[in-house]
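Keep in mind that the numbers below use all heavy atoms, side chains included, and drop hydrogens, waters and symmetry copies. Worth saying up front: this structure is predicted, and the values here are computed from it rather than measured.
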Amino acid sequence: MLYFKKYETESGDLIAICDEELVGKSFKEGKIKLDLDTYSSFYKGELVKEEEAEALISGDDLYSANVVGIRSVNVVLKKGIAKKEDVKKVEGIPFLQIFTLE
């Protein structure tokens, strides 16, 4: 299951998607840190299946996305919002930060 949370902003929707088992953990590699413990409330939204998360993502009004975990990243890649080369990793955990500028 994935945590999916949508924030509506003046610039558009900001979404946070994270593999359920990663929330509450922290990962660090060099200067990069994914703190899914301190910021767990940012990601803890609705628990959904991958297919449901894909259906909830609309590229039309998407402003920003924070995506963590292999299943969550795969949903966004499948949706065509990001490319495989955009994916970064910390301690082997894939993540994406997406910003749409218009």
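Across all their heavy atoms, Val23 and Lys44 have their closest contact at CG1-CE, 3.6 Å. Across Cys18 and Ser72, no two heavy atoms sit closer than the pair C-OG, 3.3 Å. For Val87 against Pro94, the heavy-atom pair with the smallest separation is CG1-CB, 3.7 Å. When all heavy atoms are compared, the tightest approach of Val67 to Val73 is CG1-N, 3.6 Å. Here the closest non-hydrogen pair linking Lys79 and Glu54 is NZ-O, 3.2 Å.
With values rounded to the nearest 0.5 angstrom, Ile57 atom CD1 is found 11.0 Å from Asp13 atom CG. Separation of atoms CZ (Phe99) and CG (Leu14) is listed at 8.0 Å; rounding is to 0.5 Å. Interatomic distance, Lys25 NZ to Ser40 OG, rounded to the nearest 0.5 Å: 13.5 Å. A distance of 8.5 Å separates CZ in Phe4 from CD in Glu46, rounded to the nearest 0.5 Å. Remark: Lys83 NZ to Leu77 CG distance equals 11.5 Å, nearest 0.5 Å. Note that NZ of Lys5 and OG of Ser41 are 5.5 Å apart. Values are rounded to the nearest 0.5 Å.
Hydrophobic clustering keeps Ile32 apart from Leu96 (ILVMFWY residues linked when any side-chain heavy atoms are closer than 4.5 Å, directly or through intermediates). Follow the hydrophobic side-chain contacts under 4.5 Å out from Tyr3 and you reach Leu34 in the same cluster.
Between Leu47 and Leu2, the closest side-chain pair of non-hydrogen atoms is not below 4.5 Å. Side-chain contact between Asn74 and Glu50 is absent, with no heavy atoms from C-beta onward closer than 4.5 Å. Annotation: side chain of Leu56 is not in contact with side chain of Ile15 (no heavy-atom distance under 4.5 Å). Between Tyr43 and Leu22 there is no side-chain heavy-atom pair separated by less than 4.5 Å.
No option in Ile81, Asp86, Leu62 other than Ile81 meets the side chain to side chain contact (heavy atoms under 4.5 Å, CB included) test with Val76. Each of Met1, Glu21, Lys49 was scored for a side chain to side chain contact (heavy atoms under 4.5 Å, CB included) with Arg71, with one residue passing: Glu21.
Ile98 CD1: more than 12 foreign heavy atoms inside a 6.0 Å radius. Glu85 CD: more than 12 foreign heavy atoms inside a 6.0 Å radius.
Between Lys88 and Glu29 there is no salt bridge, since no side-chain N of the basic residue sits under 4.0 Å from a carboxylate O of the acidic one.
Between Tyr7 and Phe42, the angle of the ring planes stays under 30°, which puts this pair in the parallel group of the 30/60° scheme.
Under the rule for a side-chain contact (heavy atoms from CB on, under 4.5 Å), the partners of Lys33 that lie at least two apart in sequence or sit in another chain are Ser26, Lys28, Asp35.
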